[in-house]
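Read the numbers this way: they start at 1 and go in the same order the structure lists the ligands and their atoms.
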Amino acid sequence: MSGLLPVFDALTTMLARAPAPPSVEVRPLLAARGAVLARDVVAAIAVPPEDNSAMDGYALRAAEAGLLLPVSQRIAAGGTAAPLAPGTAARIFTGATVPPGADAVAIQENCREVDGCLQVLEPVTPGDNIRVRGQDIADASRVFPAGRRLRAPDLGLLASLGLGEVPVYRPLRVALLSTGSELVEPGSGFLGPGQIYNSNRVTLSAQLQALGLEVVDCGIVADSAEATAAALESAASSADCILSSGGVSVGEEDHVRGQVERLGSLTLWRLAIKPGKPLAFGEVRGVPFIGLPGNPTSSYVTFCLLARPFLLRAQGAVDVEPIRLPARANFSRPRPGNRQEYLRVTLTVGADGLLATPFANQSSGVLSSVCNSNALAVVPVGATVSNGDWLDVLLLETLE
Ligand code: AMP
Ligand code: MG
């Protein structure tokens, strides 16, 4: 039809060409958030390591709950528990070890203690209020597989196993090129005629950093074949992947694609995506290359949808694609398009699910369409949309 590559096909091709993960390094837990685990983690202990009480109360034998039970010991969290003598109960507190012999904990609200003897006021069943050994993590079980991106609670789980450090892949080094002779770095002075500030460098660097990647900033590259070739060569010699913005369209001032083909090869170019059609992917001197379009919204969206999963896979991550949620369109789109469209929308909670309302100006040059939205709504190729139709949406927070 249009000769444009479907987004799904492009992503599949790119992921299949992601390089093997970088080398492994061992990091303290607190330096490993967002990093990708390089080895399976197998539990060397059970968590919890012993049966312990889930409540403040009395440990006893459930079968003896109807008797008057002398309180034979007191066990607090961190203390030791002696075997429970038959016909007695132990005063016990949350987190304390359940004494051998006891099979339940009666909560203190259901108990009365008179003259050192316990009377239980409600029936007790074996197992009540006991957190059994290994209920969180069984001994010798696989806790996480290699390839997992570590989240804060993952680090906590590793800590609960007694681990102080963890093997992860070292951060991928990503060379970032901002192409465009019109670009001026923010903070470096006023704009001359025809100039604009380089916003993509900041957005993309922040996106890369948020993924835990290392940014090799290659600065602004002028729109000439020579400058583009030199920048690509130097990027290829200093990084694991190359990411550029701008210069991948069909204009005479767009030199990136041509130089990639000269110094390496182009695998794909021009996607059925809106915004972001001119995205390019290939390699330069064997180093993977992703050329994002220059328009700030296009570069942001294509980073989220294509560069992000590719870079995460190259970083060693298995799960790289964001979750899609259903939302109802709070708009209509009577004419079908020939590109998959990613509308910048605000999601609100409606009567029967999420409601997606697009930002008024969807131009690819309007970065505030992203800043004033919280999701992307996906309108497939050839689809029309009526008010109330269900669409897939992607939360921006899960894309960064
Ligand atoms: P290009 O893809 O190079 O044709 O650029 C498309 C549009 O995006 C042009 O209006 C450029 O001026 C603009 N643009 C390109 N690179 C950047 C950048 N780094 N920051 C802000 N705008 C940019
Ligand atoms: Mg340009």
Side-chain angles (χ1 to χ4, degrees), residues 4-5 7 10 174-210 213 215-232 234-235 239 241-262 266 268-282 284 289-308 339 341-342 344 359 361-372 400:
L4 303 175
L5 190 62
V7 179
V174 182
L176 181 60
L177 283 63
S178 309
T179 79
S181 297
E182 72 279 32
L183 301 177
V184 173
E185 284 307 340
S188 70
F190 295 112
L191 294 177
Q195 294 184 322
I196 60 168
Y197 290 117
N198 180 4
S199 66
N200 290 348
R201 185 184 72 87
V202 174
T203 312
L204 293 169
S205 297
Q207 285 176 289
L208 292 166
Q209 283 169 9
L213 312 181
V215 182
V216 181
D217 185 13
C218 298
I220 293 169
V221 182
D223 290 318
S224 74
E226 300 70 33
T228 305
L232 286 171
S234 121
C241 290
I242 306 169
L243 189 67
S244 68
S245 84
V248 281
S249 295
V250 288
E252 280 165 32
E253 298 294 325
D254 294 318
H255 298 279
V256 174
R257 193 173 44 92
Q259 293 309 310
V260 168
E261 283 183 307
R262 200 174 66 78
L266 203 66
L268 57 89
W269 178 55
R270 297 183 91 223
L271 270 51
I273 186 172
K274 186 178 179 182
K277 179 171 74 174
L279 181 127
F281 172 72
V284 174
F289 163 84
I290 301 174
L292 304 176
N295 274 308
T297 300
S298 309
S299 113
Y300 174 83
V301 168
T302 51
F303 181 91
C304 291
L305 298 172
L306 295 143
R308 179 184 186 277
R339 292 185 275 162
E341 197 163 352
Y342 293 86
R344 277 73 71 208
F359 187 75
N361 189 337
Q362 293 283 328
S363 160
S364 57
V366 174
L367 189 56
S368 36
S369 68
V370 177
C371 302
N372 290 291
E400 288 178 5

- prompt: Under 4.0 Å from any heavy atom of Tyr197, which atoms of ligand 1 are there?
  reply: 20 (N), 21 (C)
statement: Note: heavy atom closest to atom 21 (C) of ligand 1, options Ser178, Gly294, Gly251, Ser199, belongs to Ser199
statement: Thr203 and Leu367 have their tightest heavy-atom pair at OG1-CD2, 4.3 Å
task: May I ask you to list the atoms of ligand 1 that are less than 4.0 angstrom from any heavy atom of Asn198?
output: 18 (C), 19 (N), 20 (N)
message: Side chains of Ser178 and Asn198: any donor to acceptor distance under 3.5 Å?
response: yes
query: Can you name the nearest heavy-atom pair linking Leu4 to Leu271, along with the distance?
result: CB-C, 3.7 Å
task: Looking only at protein heavy atoms, identify the closest one to atom 4 (O) of ligand 1 and say how far it is in Å.
output: Asp254 OD1, 3.8 Å
- line: Heavy-atom closest pair (Ser245 atom, Leu204 atom, distance to 0.1 Å) is CB-CD1, 4.0 Å
Closest approach of any protein heavy atom to atom 12 (O) of ligand 1, naming residue and atom: Glu182 OE2, 2.5 Å
message: Just verifying a value: how many Å separate Leu232 CG and Ser244 OG, rounded to the nearest 0.5 Å?
response: 7.0 Å
field: Ser249 to Asp254 - nearest heavy-atom pair and separation
entry: CB-OD2, 3.1 Å
- request: Check each atom of ligand 1 against the heavy atoms of Gly247 and keep those under 4.0 Å away; list them by number with element.
  value: 1 (P), 2 (O), 3 (O)
- request: Please could you name the atoms of ligand 1 that Ile196 approaches to less than 4.0 Å, counting only its heavy atoms?
  value: 12 (O), 21 (C), 22 (N), 23 (C)
- prompt: Closest non-hydrogen protein atom to atom 7 (C) of ligand 1, residue and atom name please, with distance?
  reply: Asn295 OD1, 3.3 Å
task: Identify the protein heavy atom lying closest to atom 17 (C) of ligand 1, giving its residue, its atom name and the separation to 0.1 Å.
output: Asn200 ND2, 3.3 Å
Side chain, backbone, both or neither: Val248 near ligand 1, heavy atoms under 4.0 Å: neither
- line: Note: ligand 1 atoms sitting under 4.0 Å from heavy atoms of Thr179 are 16 (N)
- prompt: How long is the gap from SG on Cys218 to CD1 on Ile242, to the nearest 0.5 Å?
  reply: 8.0 Å
- prompt: Could you state the interatomic distance from CD (Glu400) to CZ (Arg308), rounded to the nearest 0.5 Å?
  reply: 9.0 Å
